[in-house]
Amino acid sequence: MGIKSDDERLEELFNMNEAPDFNRTIRKAKMFSIMRTIIVSFMIFIIISFGVLIFNTTTLNKMSIKEERRLNNSFRVSMPNAYLGGIQIDDRIMVGEINYVRYRFLGNKPVTDGSYKEEYTYMPLINGIYGDMGNYLYTGSYNQSEEVSDYNKAGKKVMKFYHPSVEYSNYINDLGNLSEIEDNKLMEVSLSFNKAYSIDEVKNMIPSDITLNWYWVDTFTTNAKELSEKTSFNEYDVYGIKALDNRGNPIDRPEDDFIGVIQQSKIDNGQYAEIFNTLCNGKEEINKDDLKIIGVVVSGDSKSLKNLKNNEYIKGATIGAIVDKY
């Protein structure tokens, strides 16, 4: 093979037949750049998604703990004769939900009181987007001057309470209806008193064969607006002391738990702060003597509950849950 001249070498160097190889190189370079961009973008997406997932999980976990604590405190100082049962936490994207059951004691028998839920989110605009089933079986408008019966989601009649400082035009007293109820039934009854009593006085007022479930504490300020606007209070409007623990056993000093929740939670909860200021009478803490009992929830069979009839200290009484004794 002969030696190529300089002209031949220049012709080979600039030969147009080599252009397709050059174009392939450019296409490969572009393809590599695109693939690199896709891979980098995908990695960034994975990192950001992982960070968002961690933020979502951590934030909702903190919120669920706070919400569960709030729920526990609520049942400890309100919700007459209602107890917080099994809880299930369901955290999704930006929204979490606590599902729980309620139960109550009729005598020493626990009965379920429906399933409920509480939602929480760190995005206020979507809070409650799934709706809130609430506490009631049905809702509707009615004349506020009339006494009507409300029912919860389990079909239980919601108990009513009457404040002793208000003269109501109408009082419900279901004690007069006990003769129409069979002796094999257990039930809970709210009793509204004619005045305020101490915890020890109330203990002596209730017959020994009747279970004392809950004390209604007067947490209303003098001439409170809410007193004049209400025809009565239902069991979701009042605060008080549970006389039984979550297994239905009597508590020796039931007022301690109520006082503890109010004093410990008054910093974060405006409602508890208001209750504390009403009960402490200018002191730094609440004591037993500050608790004025203006009603109770009791339970038992119809025969034992008939002993409450015609007691002058009872201004109103409403029957709540009723179940078979056996």
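Excluded from the calculations below are hydrogen atoms, water molecules and symmetry mates; all remaining heavy atoms, backbone and side chain alike, are included. All residue numbers in this chain count up from 1 along the given sequence. Note that the coordinates shown come from a computational prediction; the quantities given were computed from them, not determined experimentally.
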>> Clusters formed by hydrophobic residues whose side-chain heavy atoms approach within less than 4.5 Å: which one holds Leu106, and what are its other members?
In response: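 Leu106 clusters with Val111, Leu186, Val323.
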Whether the side chain of [X] engages the backbone of [Y] through a donor-acceptor N/O pair (distance < 3.5 Å, no angle test) should be reported.
X      : Y      : answer
Asn213 : Phe105 : yes
Gln263 : Ile286 : yes
Asp290 : Asn287 : yes
Thr278 : Phe220 : no
Ser302 : Glu182 : yes
Asp237 : Asn234 : yes
Asn269 : Tyr272 : yes
Tyr215 : Leu212 : no

> What residues form a side-chain hydrogen bond (donor to acceptor under 3.5 Å, both in side chains) with Asn73, not counting sequence neighbours?
Replying inline: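 Residues passing side-chain hydrogen bond (donor to acceptor under 3.5 Å, both in side chains) with Asn73: Arg76, Ser265.
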>> Distance to the ring centre below 6.0 angstrom and angle to the axis at most 45 degrees; does that hold for Lys242 and Phe75?
In response: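 Output no; distance or angle outside limits.
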How far does [atom1] of [X] sit from [atom2] of [Y], to the nearest 0.5 angstrom?
X      : Y      : atom1 : atom2 : value
Met159 : Asn152 : CE    : CG    : 9.5 Å
Leu84  : Tyr103 : CG    : OH    : 8.0 Å
Asp150 : Tyr236 : CG    : OH    : 9.0 Å
Leu71  : Lys66  : CG    : NZ    : 14.0 Å
Trp216 : Ser192 : CH2   : OG    : 5.0 Å

>> Assess the residue pair Phe258 and Tyr239 against the criterion (ring-ring contact (aromatic ring centres under 6.0 Å, His included)); give the C-alpha distance rounded to whole Å, side-chain angles, the decisive distance to 0.1 Å, and a yes or no.
In response: CA-CA 9 Å; Phe258 175 85; Tyr239 292 87; 7.8 Å; no
Are there over 12 heavy-atom neighbours, none belonging to [X], within less than 6.0 Å of that residue's [atom1]?
X      : atom1 : value
Lys30  : NZ    : no
Asn177 : CG    : yes
Ile267 : CD1   : no
Asn310 : CG    : no
Lys303 : NZ    : no

> Between Arg70 and Asp268, does a salt bridge (Lys or Arg N to Asp or Glu O under 4.0 Å) hold up when you go through it step by step?
Replying inline: CA-CA 10 Å; Arg70 182 199 66 79; Asp268 323 285; over 6 Å; no
Hydrogens and angles aside, do [X] and [Y] bring a side-chain donor and acceptor to less than 3.5 Å of each other?
X      : Y      : value
Tyr162 : Asn170 : no
Asn61  : Asp91  : no
Asn56  : Tyr122 : yes

> Tell me the side-chain hydrogen bond (donor to acceptor under 3.5 Å, both in side chains) pairs involving residues 313-326, sequence neighbours left out?
Replying inline: Tyr171-Lys315, Lys185-Asp324, Ser190-Thr318, Asp301-Lys325
> So Ile87 and Ile98, side-chain contact (heavy atoms from CB on, under 4.5 Å) or not? Walk me through it.
Replying inline: CA-CA 7 Å; Ile87 290 178; Ile98 294 180; 3.7 Å; yes
[X] and side chain to side chain contact (heavy atoms under 4.5 Å, CB included): which single residue from [options] fits?
X      : options                : answer
Thr57  : Thr59, Leu53, Ile54    : Leu53
Ile251 : Asp256, Asp245, Leu244 : Asp245
Ile206 : Asn204, Ile210, Asp209 : Ile210

> Do Val101 and Thr112 touch side chain to side chain, with heavy atoms closer than 4.5 Å?
Replying inline: no
> Is the shortest side-chain N to carboxylate O distance from Lys117 to Asp90 below 4.0 Å?
Replying inline: no
> Is any side-chain N of the basic residue among Asp218 and Lys292 closer than 4.0 Å to the acidic one's carboxylate O?
Replying inline: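 So Asp218 does not pair with Lys292 through a salt bridge.
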> Would Ile319 and Ile181 satisfy side-chain contact (heavy atoms from CB on, under 4.5 Å), going step by step from the backbone distance to the final call?
Replying inline: CA-CA 11 Å; Ile319 296 175; Ile181 301 174; 3.8 Å; yes
>> The test is side-chain contact (heavy atoms from CB on, under 4.5 Å); show your working for Arg92 and Glu97 and say whether it passes.
In response: CA-CA 8 Å; Arg92 298 183 289 272; Glu97 188 175 277; 4.0 Å; yes
>> salt bridge (Lys or Arg N to Asp or Glu O under 4.0 Å) for Glu235 and Arg104? Distances and angles first, verdict last.
In response: CA-CA 13 Å; Glu235 59 188 67; Arg104 55 188 65 230; 3.4 Å; yes
>> Apply side-chain contact (heavy atoms from CB on, under 4.5 Å) to residues Lys266 and Ile275 and explain how you reach the verdict.
In response: CA-CA 8 Å; Lys266 67 180 186 296; Ile275 293 173; over 6 Å; no
